Amino acid sequence: MRLLVFGGSSFVGRAVVTEALSRGHAVTTFNRGRSGLDVPGVEAVRGDRARDEDIGVLAGRTLDAAIDVSGLVPAHVRRSSRALAGTVPFYAYVSSVSAYRYGDSEPADEDAPLHEGRATEDGEPTDYSAYGRRKSGCELAVHQAFPADSVLIVRPGSIIGPHDNLGHLPWWLCRISRGGTVLAPEDPGRVIQLIDARDLAAFVVGRVEEQSGGTFNTVVDAPTSTMGDLLDECVATTGARASLVWVDETFLAAHSAQPWYEVPLWLPDTADFRAVWAVPGSAAAAAGLNCRPLDQSVHDTWSWLQSGGTVRTLPGLPAVGMNPEKEKRLLAAWLGRRA
Ligand SMILES: NC(=O)c1ccc[n+]([C@@H]2O[C@H](COP(=O)([O-])OP(=O)(O)OC[C@H]3O[C@@H](n4cnc5c(N)ncnc54)[C@H](OP(=O)(O)O)[C@@H]3O)[C@@H](O)[C@H]2O)c1
């Protein structure tokens with residue numbers, strides 16, 4: 001097939017391109033040439049999707065499908081989907097579970113209400129303050145340009161794997177590899193729901209090959225891996241002399257440890273966040289989404305880091321990870337409290 005990938009040079013897009021090339025497809029990528037190196041073997045077209053004239057260079061190409069990985073702004077997705085409608089038969093869009101209105105507080109299947117997105121909303125892709133609303137607006141933009149059965153929408157939860165550009169798992173691997181006493185956020189038994197970018201990519205490319213539309217939560221269905229499994233695996237994989245000290249989350253909150261970015265992948269077990277790791281994934285599983293075991297993702301991410309891979313974090317997002325002084329201070333307070 002002849003596939004056009006919007007993005008394709010950083011993380012998820014890179015995995016999609018790598019998967020498509022490995023299946024023998026011809027891949028054109030469209031990006032500005034800033035975020036990463038193109039995967040060898042692609043035809044790289046340079047352009048900014050915020051600009052009509054740049055998207056215009058794609059006109060007149062014969063393509064079997066477009067895969068839009070990089071859409072964060074509805075007006076950008078509207079521009080690209082409208083430009084291709086009528087000539088390209090299929091459009092796949094990588095959305096997010098953040099598009100759900102109550103996604104963090106109630107488990108959301110694919111029919112749950114979305115944020116009130118607008119297909120025309122414009123702005124800077126680096127503004128993540130309305131991320132969920134914008135992802136919903138991007139979905140709308142695709143649906144307005146293409147017939148329903150020619151649209152694939154995937155809504156991943158949190159994504160991990162080599163080339164990670166959010167940096168949460170890489171941070172844990174690097175922190176744990178330094179060894180010593182490591183602050184870990186209780187509860188080690190808390191189930192987490194992480195998908196490997198390569199599994200997501202295989203699902204997307206498979207559906208695109210079949211020109212099979214639909215909307216799917218692309219998450220591990222009924223996950224069983226826990227935060228404890230993840231951090232234990234980081235210890236095993238790095239071979240570090242590290243001991244995890246699980247610190248109560250009420251204590252963390254009281255000492256202004258910030259969930260998610262400062263303590264990567266930690267979400268307090270409160271009503272606000274309870275549904276984040278409990279997204280129903282049965283529809284995608286039935287449609288062929290296969291998720292590899294967590295230890296493989298941890299291992300391969302560490303191999304990537306060891307071979308010189310660096311996290312090219314996305315502009316506009318907060319720094320990831322707790323600084324070492326604060327970690328020491330919190331550990332001393334926690335251990336002192338228990339003595
Ligand atoms: N990571 C997660 O945990 C997670 C979870 C749920 C959903 N998602 C979604 O998954 C997708 C992941 O994206 P990714 O960063 O991994 O994808 P990617 O396709 O690997 O990288 C982003 C691409 O977008 C290109 N790009 C950015 N701004 C552009 C512009 N103005 N014009 C043209 N190209 C532009 C970048 O290249 P240049 O900068 O060189 O232009 C880069 O190639 C996103 O849509 C995100 O919302 C991610």
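Numbering of residues begins at 1 and proceeds along the displayed sequence. Ligands are counted one by one from 1 in listed order, and the atoms in each one are counted from 1 as well. Please read all numbers here as calculations on a predicted model, not as lab measurements.
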If you measure every N or O of Phe11 against every N or O of ligand 1, does any of those distances drop under 3.5 Å? yes
Note: Arg274-Glu106 ion pair, threshold 4.0 Å (strictly below): no
Would you check whether Leu72 has a nitrogen or oxygen atom less than 3.5 angstrom from a nitrogen or oxygen atom of ligand 1? no
Is Ile159 in polar range of ligand 1, meaning some N or O pair under 3.5 Å apart? yes
Distance under 4.0 Å to a non-hydrogen atom of Asp48: what atoms of ligand 1 satisfy this? 30 (C), 31 (N), 32 (N)
Between ligand 1 and Lys135, is the shortest N or O to N or O distance under 3.5 Å? yes
Given Ala197, Gly8, Ser95, identify the one with the heavy atom nearest to atom 7 (C) of ligand 1. Ser95
Would Ser303 and Asp300 count as having a side-chain donor-acceptor pair, cut-off 3.5 Å? no
Which residue and atom name correspond to the protein heavy atom nearest atom 42 (C) of ligand 1, and how close is it? Ser9 OG, 3.4 Å
Once you restrict to heavy atoms under 4.0 Å, what part of Ser98 touches ligand 1? Side chain, backbone, both or neither. neither
Closest to atom 15 (O) of ligand 1 among protein heavy atoms sits Asn165 ND2, 2.9 Å
Check Arg190 with Asp187, please: is the shortest side-chain N to carboxylate O separation under 4.0 Å? no
So does Arg46 get a backbone contact from the side chain of Arg32, meaning a donor-acceptor N/O pair under 3.5 Å? no
Is the contact between Val12 and ligand 1 made by the side chain, the backbone, both, or neither, using heavy atoms and a 4.0 Å cut-off? both
Aromatic ring pairing Trp277/Trp260, orientation class (parallel under 30°, perpendicular over 60°, tilted between): tilted
Examine the side chains of Glu249 and Trp266 and answer whether a donor and an acceptor come within less than 3.5 Å of each other. yes
Close N or O approach (Arg32, ligand 1; < 3.5 Å): yes
Closest protein heavy atom to atom 18 (P) of ligand 1, given as residue, atom name and distance to 0.1 Å: Gly13 N, 3.4 Å
Under 4.0 Å from a heavy atom of Gly47: give me the atoms of ligand 1 that qualify, with their elements. 32 (N), 33 (C)
Return the residue, atom name and 0.1 Å-rounded distance of the protein heavy atom closest to atom 46 (C) of ligand 1. Tyr131 OH, 3.5 Å
Mode of Arg14 contact toward ligand 1 - side chain, backbone, both, neither (heavy atoms, under 4.0 Å): backbone
If you measure from the Lys or Arg side-chain nitrogens to the Asp or Glu carboxylate oxygens, is any gap between Glu139 and Arg134 under 4.0 Å? no
Pair Ser80, Tyr91: side-chain N/O donor-acceptor within cut-off below 3.5 Å: yes
List the closest protein heavy-atom neighbour of atom 44 (C) of ligand 1: residue, atom name, distance to the nearest 0.1 Å. Val69 O, 3.3 Å
Decide whether an N or O pair under 3.5 Å exists between Ser96 and ligand 1. no
Side chains of Gln211 and Pro89, heavy atoms from C-beta outward: is any pair under 4.5 Å? yes
I need the atoms of ligand 1 closer than 4.0 Å to a non-hydrogen atom of Arg34, numbered in the order shown. 38 (P), 39 (O), 40 (O)
Any donor-acceptor pair under 3.5 Å from His255 side chain to Phe251 backbone: yes
min-distance protein heavy atom vs atom 10 (O) of ligand 1 -> Val94 CG1, 3.4 Å
Assess whether a salt bridge exists between Glu116 and Arg133, defined as any Lys/Arg side-chain N lying under 4.0 Å from an Asp/Glu carboxylate O. no
For atom 36 (C) of ligand 1, state which one of Cys138, Ser35, Ser70 supplies the nearest heavy atom. Ser35
Can you tell me which portion of Thr29 lies within the under-4.0 Å heavy-atom range of ligand 1? Options are side chain, backbone, both, or neither. neither
Just going by heavy-atom distances, which of Gly157, Ser158, Ala15 is nearest to atom 5 (C) of ligand 1? Gly157
Is there a donor-acceptor pair under 3.5 Å between the side chain of Tyr93 and the backbone N or O of Gly71? yes
Quick one: do the Glu110 and Thr215 side chains pair a donor with an acceptor below 3.5 Å? no
Give me the nearest non-hydrogen protein atom to atom 32 (N) of ligand 1 as residue plus atom name, then the distance to 0.1 Å. Arg49 N, 2.8 Å
